[in-house]
Amino acid sequence: METDTLTVEALDTAIEDALGLLISKQKNDGHWSFELETDTTITAEYILLNHFLNEIDNDLEGKLAVYLRRNQNKDGGWPLYKGGEFNISASVKAYFALKMVGDRVDMPHMRSAREAILAHGGAVNSNVFTRITLALFRQIPWRAVPVTRIEIMFAPRWFPIHINKVSYWTRTVMVPLLILTAQKPAAQNPRGVNIDELFHKPPYRENYKLTNPTGKWVGSLMLALDKFFRPFEPLIPNLITQKAITLGLKFMENRLNDEDGLGGIFPAIANSLMVFDCLGYKNDDPRVVSARKAIDNLLVIKDDEVYCQPCLSPVWDTGLSAHAVLEASIKKTDDLLDRSSEWLKNLQILDQIGDWAHRRKNLKPGGWAFQYRNDFYPDVDDTAVVAMALHRQDPKKNAESIKRAEEWIIGMQSSNGGWAAFDVENEYYLLENMPFADHGALLDPPTSDVTARCVSLLGQIGYGMDHKAISKGFSFLKREQEKDGSWHGRWGTNYIYGTWSVLSALNMVGEDMSAPYIRRAVNWLELRQREDGGWGEDCATYWEHRKNTAKASMPSQTAWAVLGLMASGEVNSKAVARGVDYLINQNNKNTGWEDKYFNAVGFPRVFYLKYHGYSLYFPLLALARYRRMKPSNIQSPKFGI
């Protein structure tokens with residue numbers, strides 16, 4: 001069991017150190033919750049929100065500004081992920097927020113930011129969401145924004161554009177946003193800050209071009225329709241608009257989610273606060289109070305800086321942490337696993353019929369949300385991960401929860417055999433051609449990684465290839481394999497994540513892991529191993545022409561590769577041994593591992609994430625599995641993750 005510096009003692013020490021660190025981070029009630037970081041856009045938007053509402057905390061904003069300055073690129077702009085290239089929209093928002101806080105335009109970092117923005121054409125080239133923000137602050141005219149009408153709330157289900165035909169995140173962000181674009185309120189902006197200097201012309205004289213998001217003829221047609229319809233907007237009777245706003249408010253208020261906020265995500269919660277403000281809600285209104293708390297709960301407050309998370313990830317973190325602890329399995333963890341399983345079972349959504357039901361009217365709920373509470377929007381991926389952890393921990397004690405999760409997941413399978421994260425049959429690709437959709441994340445179609453997790457769960461609880469849902473999922477996964485043997489990772493970066501997920505699922509349902517298509521995946525993973533024994537993959541790989549980009553090896557991605565190879569029968573391979581060696585050598589006794597770059601994605605090419613827990617529980621899971629399999633000559637894992 002040796003390769004270079006790899007010894008039984010070193011392996012045991014790394015596992016025990018990591019396990020102790022993970023246990024130390026568990027909350028008293030049994031759950032885990034790690035930081036979830038994104039680019040500077042959310043933090044900048046938090047500052048802008050407070051200036052929209054005139055709710056300014058100077059001390060807090062000073063620390064938020066420290067975070068923004070620290071993450072500025074050397075080229076003067078701000079990227080979408082650490083080490084990424086300049087992004088115009090992220091840079092405009094960060095600059096605007098810093099100026100709001102009080103940074104002078106002649107400061108070196110502001111000057112370099114301004115020069116970079118102007119060199120890229122100026123703020124006129126910002127995306128649609130940024131333009132809406134600037135229009136609310138009266139920095140640009142509303143003609144810079146596509147035609148967006150709250151009257152879409154009246155649309156019948158057969159209509160091409162309907163709120164149930166977009167993803168949950170689009171739905172919860174879009175409804176309050178449409179109320180804002182109907183009302184067109186002016187931000188309070190008490191300091192009167194403007195960013196005219198980010199334009200080559202006076203902002204109200206600029207030519208704001210809308211873009212065709214897909215480049216297809218349908219997109220060009222929608223641009224023409226936008227131009228045609230715009231002059232008729234003032235002719236829409238206000239009475240109709242107000243009735244549509246009432247419907248939008250009803251939608252929002254049914255889903256406000258107390259202190260977890262609308263949709264449990266920052267953009268939707270922030271938009272709801274601005275809606276309440278422009279409609280005259282008082283600050284002590286319970287709806288305003290809870291939304292305000294939901295926003296502030298997203299802050300990560302440190303001694304010298306603060307940043308704002310896009311959402312919270314406790315269910316996801318708890319499920320995956322439980323898997324790592326279970327793999328390391330020692331008796332002293334029994335109590336903490338009992339507490340984590342009870343915490344999870346208490347959050348299972350058993351009664352609330354969510355938005356998913358518009359395509360599955362007779363399906364009983366039974367899933368888990370990603371956040372503490374988000375009952376209208378449980379997600380399939382979390383549900384599969386949690387159900388697998390509960391099954392492994394105690395299948396009899398947790399049988400009822402597992403059964404409800406099983407039923408819900410089987411019912412959420414799309415007709416093509418795949419599973420999406422939150423919805424079913426959410427493949428209305430026509431909508432991606434709308435000018436409003438320039439962020440490229442309007443829909444929630446089935447993906448390889450989520451499908452793999454569902455197949456893994458069904459396999460772990462005892463179903464085989466003869467089960468209809470597994471058979472359809474298996475066919476979907478085979479169709480989705482890339483030519484080079486890998487699988488795309490929709491929710492984790494990127495092909496390493498997707499390939500690990502699928503290989504784990506195929507092993508779990510008894511597929512022949514020597515099949516040629518699986519050996520191509522194994523070969524792809526082995527070829528991607530770096531000189532230091534680790535694996536790494538950059539966020540830039542979501543652009544097809546940059547598929548093989550990597551800046552450095554990362555612990556989380558190395559763990560995924562090692563887990564994927566072990567699922568393929570490669571526990572005795574040199575590649576696995578080198579990967580394990582890398583993880584042991586990178587481990588710090590006191591702090592564990594560190595992912596230096598972002599390791600996940602919210603929306604490919606638009607919105608990236610760093611799960612701070614990934615660099616702890618995934619390496620622990622990989623090392624503990626290696627220790628379990630290697631000396632016993634076990635050729636394949638017995639669990640779905």
Side-chain angles (χ1 to χ4, degrees), residues 39-52 61 65 68-69 71-80 84-148 177 180-181 184-213 223 226-227 230 233 267 270 274 435-439 606:
D39 67 90
T40 55
T41 300
I42 297 294
T43 298
E45 288 176 352
Y46 179 87
I47 293 173
L48 295 172
L49 171 67
N50 288 337
H51 285 255
F52 181 97
E61 290 194 354
L68 292 178
R69 295 186 204 107
N71 285 283
Q72 187 176 14
N73 273 354
K74 291 181 179 179
D75 64 10
W78 282 265
L80 294 177
E85 292 78 18
F86 172 94
N87 179 267
I88 187 73
S89 297
S91 299
V92 168
K93 285 184 176 177
Y95 181 97
F96 197 10
L98 287 173
K99 194 172 180 183
M100 287 282 189
V101 170
D103 284 13
R104 301 187 314 276
V105 297
D106 60 351
M107 289 179 166
H109 67 283
M110 295 291 279
R111 183 169 58 251
S112 63
R114 183 168 61 255
E115 290 171 353
I117 291 168
L118 291 172
H120 285 82
V124 68
N125 289 327
S126 299
N127 64 20
V128 167
F129 284 126
T130 303
R131 290 188 187 187
I132 292 174
T133 298
L134 296 181
L136 289 170
F137 278 86
R138 297 299 187 261
Q139 302 300 299
I140 63 175
W142 279 101
R143 62 178 170 80
V145 176
V147 173
T148 49
L177 194 65
L180 290 172
T181 59
K184 295 182 173 54
Q188 296 191 48
N189 192 8
R191 295 174 182 170
V193 176
N194 70 71
I195 52 170
D196 290 359
E197 66 272 19
L198 298 185
F199 296 83
H200 287 287
K201 299 178 183 177
Y204 276 72
R205 291 172 53 194
E206 280 278 13
N207 180 23
Y208 295 92
K209 295 181 179 179
L210 300 177
T211 60
N212 179 344
L223 285 174
D226 182 277
K227 187 175 182 179
R230 189 177 297 273
E233 275 198 282
M274 288 188 284
F436 178 81
D438 70 345
H439 61 298
V606 176

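Note that the coordinates shown come from a computational prediction; the quantities given were computed from them, not determined experimentally.
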Does [X] use its side chain to pair, donor to acceptor, with the backbone of [Y] at less than 3.5 Å?
X    : Y    : answer
K93  : A90  : no
E45  : T43  : no
R131 : P141 : no
R143 : Y204 : yes
S91  : W78  : yes
H109 : G76  : no
N127 : T130 : yes
D75  : A116 : no

Measuring only between side-chain heavy atoms, which start at C-beta, is [X] closer than 4.5 Å to [Y]?
X    : Y    : result
T181 : W142 : yes
D196 : P202 : no
R69  : D103 : yes
N87  : P79  : no

Point to revise | Residue pair I47, N50: steps toward the side-chain contact (heavy atoms from CB on, under 4.5 Å) verdict | key: CA-CA 5 Å; I47 293 173; N50 288 337; 5.9 Å; no

Point to revise | Residues V105, R111; criterion side-chain contact (heavy atoms from CB on, under 4.5 Å); working and verdict | key: CA-CA 6 Å; V105 297; R111 183 169 58 251; over 6 Å; no

Using every non-hydrogen atom in the two residues, find where [X] and [Y] come nearest and quote the distance to one decimal.
X    : Y    : value
D226 : V147 : OD2-N, 2.7 Å
I88  : N125 : CG2-O, 3.6 Å
Q139 : P203 : O-CB, 3.1 Å
P190 : H51  : CD-O, 3.4 Å
A94  : L68  : O-CD1, 4.3 Å
L98  : A65  : CD2-CB, 3.7 Å

Check your understanding: What residues form a ring-ring contact (aromatic ring centres under 6.0 Å, His included) with F52, not counting sequence neighbours?
Key ->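 Not a single residue meets the ring-ring contact (aromatic ring centres under 6.0 Å, His included) criterion with F52.
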
Practice item. For the residue pair Y95 and Q72, confirm or rule out a side-chain donor-acceptor distance under 3.5 Å. Key: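 No, because no side-chain N or O of Y95 sits under 3.5 Å from a partner of the opposite role on Q72.
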
Check your understanding: Just checking, any donor-acceptor pair under 3.5 angstrom between side chains of E115 and H120?
Key ->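 Per modelled atom types, E115 and H120 side chains form no pair under 3.5 Å.
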
Nearest 0.5 Å, please: how far is [atom2] in [Y] from [atom1] in [X]?
X    : Y    : atom1 : atom2 : result
I132 : T148 : CD1   : OG1   : 5.5 Å
L80  : T40  : CG    : OG1   : 8.5 Å
I140 : E206 : CD1   : CD    : 10.0 Å

Point to revise | side-chain contact (heavy atoms from CB on, under 4.5 Å) between Y208 and V145, worked out | key: CA-CA 8 Å; Y208 295 92; V145 176; over 6 Å; no

Exercise for review: Kindly check if the number of other-residue, nucleotide or ligand heavy atoms within 6.0 Å of NZ (K227) is above 12?
Suggested key: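 Not more than 12 within 6.0 Å, no.
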
Point to revise | Pairing residues for V193 by the side-chain contact (heavy atoms from CB on, under 4.5 Å) criterion, not counting sequence neighbours | key: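 Checked V193 against side-chain contact (heavy atoms from CB on, under 4.5 Å); matches are F96, K99, M100, N189, R191.
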
Practice item. Apply side-chain contact (heavy atoms from CB on, under 4.5 Å) to the pair I117 and V92, showing each step before the final yes or no. Key: CA-CA 7 Å; I117 291 168; V92 168; 4.1 Å; yes

